[in-house]
2 protein chains.
Amino acid sequence: MKEKNIKETICAVDYAFRRIGGKYKGRILWHIYNNEVLRFGELKRHITDITTKMLTQTLRELENDNLLFRKVYPEVPPKVEYRLTDVSKSLIPFINQLREWGITQMKKENIPIREHEASKK
Amino acid sequence: MKEKNIKETICAVDYAFRRIGGKYKGRILWHIYNNEVLRFGELKRHITDITTKMLTQTLRELENDNLLFRKVYPEVPPKVEYRLTDVSKSLIPFINQLREWGITQMKKENIPIREHEASKK
DNA sequence: CCGCATCCACGATGATACTG
DNA sequence: CAGTATCATCGTGGATGCGG
């Protein structure tokens, strides 16, 4: 049966796409990078078209895949923070370049670009 | 209803991922780049885990999205060649960078890497 | 040889309600 | 606040057969 496990992967391009592919992974990493640290609710507000379920699920995948660090504060109300790991930090240059490529293309096609307002401290 | 159209896209990261995301797009572009031009059957042999249907479908998407150029030779038996466009060529550096990141990670995890044998002429 | 058409299974995603 | 649980649905992709 379908080995979902990445161990049997062959091509590096394939491997990389499996790790950061998916509908929201790129954007999540990018937003966290821009803010250094984000809480669950903040992320949800940044990525407006994601549901609670998908956000939770994707965050878990990224965490299990060692691309996100999750810190839970044992408080009431709860507080959970997400940060990049060293591995995902090493991925940022790529995402950024891809983003610049996207901007170039979008300008060519006159597609309005929504910049994510990084709450730069 | 669900606007599949990319026109309403907002974030450039999202835009870029939509264009080259997907299970096979990255690999297809990469293989064609490595060989400059590939025929349908050659592509299918390179990407061993793809079905005829998915290959056809993905190639169409890439073509419609201006990331592939398709040339049909009116012969019997048929012959169809696929090449990169200027737009997808401008994308290659990023794919390559992503690939290098993948290679680094795979080495860390001792995952065997299958190099695609580019039939360098 | 290079596809396209059809049918079908299943996983991915969405909507909504509920909880510690 | 940060999720979980459940149900419905939609798209992706596989299998097969046909056709120029």
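All figures in this text were calculated on a predicted structure; none of them were measured in a lab.
For A:Tyr33, the ring pair (Phe, Tyr, Trp, His ring centres under 6.0 Å) test picks out A:Trp30, with sequence neighbours left out. Every residue two or more places apart in sequence or in another chain that forms a side-chain contact (heavy atoms from CB on, under 4.5 Å) with A:Lys79 is listed here: A:Arg39, A:Tyr73, A:Glu75, A:Glu81. Taking A:Thr52 as the reference, nothing meets the side-chain hydrogen bond (donor to acceptor under 3.5 Å, both in side chains) condition, with sequence neighbours excluded.
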Please list, one pair per line, the donor and acceptor atoms closer than 3.5 Å that link side chains of residues 57-64 of chain B to other protein atoms, with sequence neighbours excluded.
| unit_1 | atom_1 | unit_2 | atom_2 | d |
| --- | --- | --- | --- | --- |
| B:Thr58 | OG1 | B:Met54 | O | 2.6 |
| B:Glu61 | OE1 | B:Lys25 | NZ | 3.2 |
| B:Asn64 | ND2 | B:Arg60 | O | 3.2 |

Practice task
Kindly determine whether B:Leu98 and A:Leu91 satisfy side chain to side chain contact (heavy atoms under 4.5 Å, CB included), including the steps that lead there.
Solution key: CA-CA 8 Å; B:Leu98 184 61; A:Leu91 206 48; 4.1 Å; yes
Exercise for the section: Show your working on side chain to side chain contact (heavy atoms under 4.5 Å, CB included) between A:Phe69 and A:Asp86 and close with a plain yes or no. Expected result: CA-CA 10 Å; A:Phe69 177 67; A:Asp86 289 341; over 6 Å; no
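Atom pair B:Lys44:NZ and D:dG14:C1' shows a separation of 11 Å (rounding to whole Å applied). Per the geometry, NZ belonging to B:Lys79 stands 12 Å off C1' belonging to C:dC1, to the nearest Å. Residue B:Asp49 contributes atom CG, which lies 8 Å from atom P of D:dG14 at whole-angstrom precision. In this structure, the CG atom of B:Leu55 is 16 Å from the P atom of C:dA5, given to the nearest Å. When rounded to the nearest whole Å, the span between OH of B:Tyr73 and P of C:dG3 equals 13 Å. Atoms CD (A:Gln57) and P (C:dA12) sit 7 Å apart, rounded to a whole Å. Computed from coordinates, the B:Glu75 CD to C:dC1 P distance equals 13 Å when rounded to whole Å. Taking atom NZ of residue A:Lys71 and atom P of nucleotide D:dA2, one finds them 15 Å apart after rounding to whole Å.
Side chains of B:Tyr24 and B:Leu55 form no contact here, defined as non-hydrogen atoms less than 4.5 Å apart.
The two residues A:Leu29 and A:Ser88 have their closest heavy-atom pair at CD2-CB, 4.2 Å. Considering every non-hydrogen atom in both A:His31 and A:Ile47, the closest pair reads ND1-CG1, 3.7 Å.
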Pairs under 3.5 Å (N/O, protein and nucleotides 3-5 of chain D):
| unit_1 | atom_1 | unit_2 | atom_2 | d |
| --- | --- | --- | --- | --- |
| D:dG3 | OP1 | A:Arg60 | NH2 | 3.2 |
| D:dG3 | OP1 | A:Arg70 | NH2 | 2.5 |
| D:dG3 | OP2 | A:Tyr82 | OH | 2.8 |

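In the set D:dA15, C:dC1, D:dA2, C:dC1 carries the atom at the smallest distance from any side-chain atom of B:Pro78.
Between B:Thr51 and D:dG13, a side-chain N or O to OP1/OP2 separation shorter than 4.0 Å is absent. For A:Arg39, no side-chain nitrogen or oxygen approaches OP1 or OP2 of D:dC1 to under 4.0 Å.
Less than 4.0 Å separates DNA chain D from no heavy atom of any residue of residues 22-29 of chain A.
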